[in-house]
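Remarks on the structure that follows.
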Number of protein chains: 2
Amino acid sequence: MKYDLTKKPTRGAQRTLESFSTTMIALLSKEPFEKISVNEICDISNFPRATFYNYFDDKFDLVAYCWYVIAQEIEVDQATGLKAETTLITYFDRLYDVFKNNQMLLDNVLQYNDFSGQLVNSFINYFKNKLQEILTKSIDYSKAGLPVELIVDHCSQTVVLVLKWIFLKHHEADKQRAHEYLEKLLNIEHFI
Amino acid sequence: MKYDLTKKPTRGAQRTLESFSTTMIALLSKEPFEKISVNEICDISNFPRATFYNYFDDKFDLVAYCWYVIAQEIEVDQATGLKAETTLITYFDRLYDVFKNNQMLLDNVLQYNDFSGQLVNSFINYFKNKLQEILTKSIDYSKAGLPVELIVDHCSQTVVLVLKWIFLKHHEADKQRAHEYLEKLLNIEHFI
DNA sequence: ATATTGCTTATACAAGTGTCTAAATCTAAA
DNA sequence: TTTAGATTTAGACACTTGTATAAGCAATAT
């Protein structure tokens, strides 16, 4: 990302970011990601290509920013000080809500993009990485004597696996059932 | 893949496939995947671009074929009729060997490509998908009452997680230790 | 109000991509 | 060995990409 998201954006920058991300999200429901060109995004957003490249490295970068925007909608406090197991469930629930709130977008996207393609992958990975960051901070030892990093990766990928199963492969399940899946697969109490 | 790998290739086709894949594998140790162009591959291999596109859709397609070639080196019989748990370990061991045999290539690749980038991902996913196919055939029920497809995905991704940990993140571990990781993370006997 | 600074934009460039044609060449079977 | 069918190839096409430059514009501080 060329644009620095930490500093507060000017009104203009806000409009630009918003415009590009809205256009991208709209296009994702209309054509496969690989057919979307920076030209098209700029034509629709009414900005010159040069402006696009002032903000983003490429369309992957923009789409990652879109996930960031979507994640913002929900993600709030950092919920510190909880024990690892609780943190995991807490964030699982939040991600469950993000996926649920964007079910429609996901459905549209899957009409044009492979389940295992780059686009869906970037979506999934965005949230997996978020979770990894969070878990890394809250897990610091392992009952089973396994390397912590390995456990963090394992938990994160299992969380998104369950979410994929429910929301991308359409095996609807309420939160309770989702917890059940997660607990059976993870056997959390075994290693943290 | 434009070329049909099921029919037996003519001598010419064999030469062409071999030439392109050798070139790609060589280039992977010299520059990041995104810098590798079809033009460059063709120049080095001494084939015109048109020929490249007779065989492959794009460079992703070629690189997937490279993984196919690498997998061929090892993968032999289909080891049918074993119980699911044994199948899992059997194929884990084979993948362990594939990764070990290509340690040098992997090391080189990681000099130029992100651990989470497209290239490494395509490598990992190739083997994850293979394993999924195999496990799907050998697992048909679940002790824990979980959907079988979910279990298959979970096992496959955990297997490649351990291999990533050992061979891509360089936490060397012999097969025995690798089994230990796998068993602790998976708790196989809990659900199959 | 004016100068300063920084972002936006028009335009151009050198490269790459994937497709298509028609001619040249190969190959496998009669 | 010949020939019909398939494959390879040269060349061109319309399009995309990411970068660079210099002109234009807008907000800020003096």
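In what follows, chains are A, B, ... by sequence order, proteins preceding strands, each numbered from 1.
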Review point. Can you find a side chain N or O atom of A/K2 that sits less than 4.0 Å from OP1 or OP2 on D/dT19?
Key: yes

Practice item. Scan A/R49 against the nucleic acid and name what it touches under 4.0 Å (heavy atoms): base, sugar-phosphate only, or nothing. Key: base

Practice item. In whole angstrom, give the distance that lies between atom CD of A/E34 and atom P of D/dC15. Key: 18 Å

Point to revise | Euclidean distance, atom CG of residue A/D58 to atom P of C/dT17 [Å, nearest integer] | key: 15 Å

Practice item. Would you mind reading off the distance between A/R15 atom CZ and C/dC7 atom C1', rounded to a whole angstrom? Key: 12 Å

Exercise for review: Over all heavy atoms of both residues, which pair between B/Y112 and B/E31 is shortest? Give the atoms and the distance, please.
Suggested key: CB-C, 3.7 Å

Exercise for review: Quick one: label A/F56 by what it contacts on the DNA or RNA (base, sugar-phosphate, nothing), any heavy atom closer than 4.0 Å.
Suggested key: nothing

Exercise for review: Indicate, with a heavy-atom threshold strictly under 4.0 Å, whether A/T10 touches base, sugar-phosphate, or nothing.
Suggested key: nothing

Check your understanding: Of the nucleotides D/dA10, C/dT17, C/dA10, which has the atom closest to the A/P48 side chain?
Key -> C/dA10

Point to revise | Distance in angstrom units between A/R11 CZ and C/dC7 C1', rounded | key: 16 Å

Review point. According to a strict under-4.0 Å criterion, is B/S37 in side-chain N/O contact with OP1 or OP2 of C/dG16?
Key: yes

Review point. Looking across every strand, which nucleic acid part, if any, lies under 4.0 Å from A/N54 by heavy atom: base, sugar-phosphate, or nothing?
Key: base

**Study point:** Atom pair distance, as rounded to whole Å: CG in B/D43 and P in D/dT9
**Key:** 14 Å

Point to revise | B/Q14 CD to D/dT7 P, straight-line distance once rounded to whole Å | key: 15 Å

Exercise for review: Indicate yes or no: at least one non-hydrogen side-chain atom of B/D153 is less than 4.5 angstrom from one of A/K169.
Suggested key: yes

Exercise for review: Scan A/Y3 against the nucleic acid and name what it touches under 4.0 Å (heavy atoms): base, sugar-phosphate only, or nothing.
Suggested key: nothing

Exercise for review: Identify which one of B/N108, B/V69, B/V63, B/I70 satisfies the side chain to side chain contact (heavy atoms under 4.5 Å, CB included) criterion when paired with B/I25.
Suggested key: B/I70

Exercise for review: State, to 0.1 Å, how close A/K184 and B/A144 come at their nearest heavy-atom pair, and which atoms those are.
Suggested key: NZ-O, 2.7 Å

Check your understanding: Just checking A/K35: base, sugar-phosphate only, or nothing, at a heavy-atom cut-off of under 4.0 Å?
Key -> nothing

Revision key, fill the gap. Against the side chain of A/A50, the closest entry in D/dG18, D/dA10, D/dA20 is D/dA20

Check your understanding: What is the nucleic acid contact for B/K7, judged by heavy atoms within less than 4.0 Å: base, sugar-phosphate only, or nothing?
Key -> sugar-phosphate

Practice item. Check whether any side-chain N or O of B/Y55 sits under 4.0 Å from OP1 or OP2 of D/dT7, and answer yes or no. Key: no

Review point. Should B/L62 and B/Y55 count as side-chain neighbours, where that means a heavy-atom distance under 4.5 Å?
Key: no

Check your understanding: Relative to the 5' end of DNA chain C, which residue comes earlier, A/F47 or B/Y53, by the nucleotide with the nearest heavy atom?
Key -> A/F47

Check your understanding: The side chain of B/T16 lies closest to which of these nucleotides: D/dA10, D/dT8, C/dT8?
Key -> D/dT8

Exercise for review: Check every strand shown and say whether A/K59 touches a base, only sugar-phosphate, or nothing at a heavy-atom separation below 4.0 Å.
Suggested key: nothing

Practice item. Find the distance B/N39:CG to D/dA10:P and express it as a whole number of Å. Key: 14 Å

Exercise for review: Mind calculating the distance between CG (A/D57) and P (D/dG18) to the nearest angstrom?
Suggested key: 9 Å

**Study point:** Presence of A/T51 side-chain N/O under 4.0 Å of C/dT9 phosphate oxygens OP1/OP2
**Key:** yes

Check your understanding: Are the side chain of B/K175 and the backbone N or O of B/Y96 linked by a donor-acceptor pair below 3.5 Å?
Key -> no

